[in-house]
Amino acid sequence: MITGDIGCYGLGGAEPLNAMDTSICMGASISMGHGAQQAFSRINSVMRTVGVIGDSTFFHTGINSLMQVVYNHSKTVTCILDNRITGMTGHQENPGTGFTLQGAPTKIIDIETVVKALGVDHVRVVNPLELQEVTDAFDWALALDEPSVIITRWPCVLKKHSEQDKQEFGNYRGLCQVDVTKCVGCKSCLKTGCPALRFNKASKTVIIDDSQCTGCKVCAQVCPVGAINKVGE
Ligand code: SF4
Ligand code: SF4
């Protein structure tokens, strides 16, 4: 069961792209997941819960919920999507970005440090663009019988990068293209939900909209025939 929260990750659209089972209010991903996990465990169900929450929402109302998870011996997996900004409501700064709402430099509150301070012993920080790294992290977390946290750390593509972002993430932007002579039209890449990918009904192949692609290579990782390649930096 995936308990969602309020943020851009909840705007994935209609099924099957919206993976959240619930979306109630800020912070509810962790606390609802905790309650559901307690109920599942009580009836000896193998069902597990994953709470998905953004970085700014975690600072706003997720910290207290995660503390209760630890305090009550829950075994939920909490996934904190740290895109280095407050995405959905318009890129406001938050305690993790290094700037105040007025744009003045300030201390960065490090999510990993906060999570460990709350008593979570199992924490991993992953690059969400590396799909195998993410899969491995979930396999690791779901095998545990204690609370765990996976922090996916990568800046929002719309964010104006700070000097710290440039140092940490470098200039990753570029462009990918589909080799239509290789594409078999399986549509696996479309399941990533990337809006830059389009299916051409006439040719039965996928094309990439240059104006929307950032060259992240997520679609290339799921293509079974290696038809997608990065062509520009
Ligand atoms: S490389 Fe990334 S941004 Fe470009 S089409 Fe593929 S998934 Fe979308
Ligand atoms: S995953 Fe590869 S082969 Fe399948 S539709 Fe996309 S580009 Fe074509």
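As the structure is a computational prediction, the values presented were derived from the model and not from experiment. Each ligand, and each atom within it, is numbered from 1 in the order the structure gives.
Protein contacts to atom 2 (Fe) of ligand 1 involving N, O or S atoms at a distance below 2.8 Å are Cys216 SG.
Legend: protein N/O/S atoms lying under 2.8 Å from atom 4 (Fe) of ligand 2, waters omitted, number 1.
Taking every heavy atom of Ile228 and a limit of under 4.0 angstrom, the matching atoms of ligand 2 come to 7 (S).
By the rule that hydrophobic residues join a cluster once side-chain heavy atoms approach within less than 4.5 Å of another member, Val218 and Val157 end up as members of one cluster.
Contact annotation for Thr205 and ligand 2: no heavy atom of the residue comes within less than 4.0 Å of the ligand.
Between the side chains of Ser162 and Asp165, a donor-acceptor pair is found at a separation under 3.5 Å.
For Glu130, the side chain to side chain donor-acceptor pair (under 3.5 Å) criterion is met by no residue, not counting sequence neighbours. For Phe169, the ring pair (Phe, Tyr, Trp, His ring centres under 6.0 Å) test picks out Trp154, with sequence neighbours left out.
Taking CG of Leu81 as the start and CD1 of Ile150 as the end, the distance is 10.5 Å to the nearest 0.5 Å. For the atom pair SG of Cys176 and CD1 of Ile208, the computed distance is 5.5 Å after rounding to the nearest 0.5 Å.
Residue Cys156 is tested with Arg84, Met88, His91 for a side chain to side chain contact (heavy atoms under 4.5 Å, CB included); the sole match is His91.
Remark: Tyr71 OH is loosely packed, at most 12 non-hydrogen atoms of other residues, nucleotides or ligands lying under 6.0 Å away. A 6.0 Å sphere centred on NZ of Lys217 holds no more than 12 heavy atoms belonging to other residues, nucleotides or ligands.
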### Message
Determine whether Glu112 and Arg153 satisfy the following criterion, salt bridge (charged side-chain N to carboxylate O under 4.0 Å, His left out), listing intermediate values before the conclusion.
### Response
CA-CA 11 Å; Glu112 184 179 6; Arg153 189 171 167 95; over 6 Å; no

